[in-house]
Amino acid sequence: MTKPDEETATANSRTEPSREPAREERRLTRRGWTLLVSGALFLVFVVAGFLVQVPYVAISPGPTYDTLGRDAAGNEVVQVKGHETYQTAGELRMTTVSLNDGINLFTALGLWASGRYALAPREEYYRPGETNEQVKQENIQQLQDSQSNAQVAALRHLGYPVEVLAKEIVSGSPADHVLAPGDKLVVVNGTKVTEAADVAKALLNTKPGQTVQITFQAKGQPERTVPITLAKRDDRTQGFMGLTAVDHAIAPFDVNISLQDVGGPSAGLMFTLAIIDRLTPPGKADSNLAGGRHIAGTGEISETGEVGPIGGISFKVVGAREAGATDFLVPEHNCAEAKSAVPDGLNLIKVSTLDDALTQLENLKAGRPTAHC
């Protein structure tokens, strides 16, 4: 009679333990879901970190190039045909900044943490919708303009005559079909033209609808004087003629600059110094400008020799020192920024014109003090 009771007890003892694992299994399932969701979120973060680009660019010191030396292909950076050139001692090294675009979150964080790179908003370097290829073409054009300005500034300093030519004619403008690119500009609105800036100055006080006289000379033709009625343009109050003028040095030889994979206008000063150095015989003023020293520098140059400010100076002084430079030519308006980042062992020399730079290089060779930032 007790057996059924024992059987019942046995049955009960078997069912009770079966409930405990069920509860434990439910707890593990919730824990598993938590781990699964967390892992998925982490995976999404990792994938986004590698694939999603951030709206920043990474800036760092770029390569430097000795303008008295040769490029990566073995060609002389400054090439002169039709005139003897002279070897000099030392270096006149131009500096660059490297710009890394299209970086992901993890790359950006890694570059920033390295201490060698800085992050800047992409919009500071790229206009909305502008592609890398468009920026590259703009930089190439700026480099070409810089090289042209350097040639004119150098040859003007060396005493070669300079003429002013029409560079571009705006289609449909008053100058269109009257002048052509390459025409020499002689007089504009009563002002004798001796440099490109004279053209804009001559039109400064004019008004739309006003007729002005232009004296010019096409290649191989005599000078002509023609009237041009100025047009109106929204970006100015004075009359609009529709041409861009450029200085052109007249010399019986050709100067070319060979440098690949570099863009922007900031090498102008160093190009100018290199041209002067290569064309000046030993023993004369402005010969052997480096004097055996490793000198670097930067600065935009105008056709008349003014040295303008540039960007990225804090990275350029670092790149220059790493390349072995002991002295650095700094545009006057960049001095404060350069001083904040100058590495040990680099002497900063303040310049505002080509003549300034030549004087300071002469001071270095003679052991005299230089103009410090």
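Not measured: the values here are computed from a predicted model.
Among residues at least two apart or in separate chains, there is no disulfide bond (SG atoms under 2.5 Å apart) pair with a member in residues 131-199. Within the structure, the disulfide bond (SG atoms under 2.5 Å apart) test picks out the following pairs touching residues 284-339 (sequence neighbours left out): C335-C373.
For K365, the NZ atom is densely surrounded, since the number of other residues' heavy atoms within 6.0 Å is greater than 12. When the shell of 6.0 Å around NE2 of H157 is examined, it contains more than 12 heavy atoms from other residues, nucleotides or ligands. With a 6.0 Å radius and a threshold of 12 heavy atoms from other residues, nucleotides or ligands, N256 has its CG atom above the threshold. Few gaps surround CG on D235; more than 12 heavy atoms of other groups in view lie less than 6.0 Å from it. Residue F240 places its CZ atom among more than 12 non-hydrogen atoms of other residues, nucleotides or ligands, all under 6.0 Å distant.
Under the 4.5 Å side-chain contact rule for hydrophobic residues, I301 and F328 do not share a cluster. Residues V188 and L179 are members of one and the same hydrophobic cluster, defined by side-chain heavy-atom contacts under 4.5 angstrom among Ile, Leu, Val, Met, Phe, Trp and Tyr.
Salt bridge status for E91 with R293: absent, with no side-chain N to carboxylate O gap under 4.0 Å. A salt bridge is absent between D247 and K167; no separation between the charged side-chain nitrogens and carboxylate oxygens falls under 4.0 Å.
Each of V77, T96, L92, D71 was scored for a side chain to side chain contact (heavy atoms under 4.5 Å, CB included) with Y65, with one residue passing: T96.
Between G90 and L68, the shortest heavy-atom contact is O-CD1, 4.1 Å. Residues N334 and I313 share a closest heavy-atom pair of O-CG2, 4.2 Å.
The CG atom of D286 lies 8.5 Å from the CG atom of D277; values are rounded to the nearest 0.5 Å.
In this structure the side chain of I169 reaches within 4.5 angstrom of the side chain of P181, judged on heavy atoms.
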Give every donor-acceptor pair under 3.5 Å between a side-chain atom in residues 212-227 and any protein atom, sequence neighbours left out.
| from | atom 1 | to | atom 2 | distance (Å) |
| --- | --- | --- | --- | --- |
| T215 | OG1 | T225 | OG1 | 2.8 |
| Q217 | NE2 | Q221 | O | 2.9 |

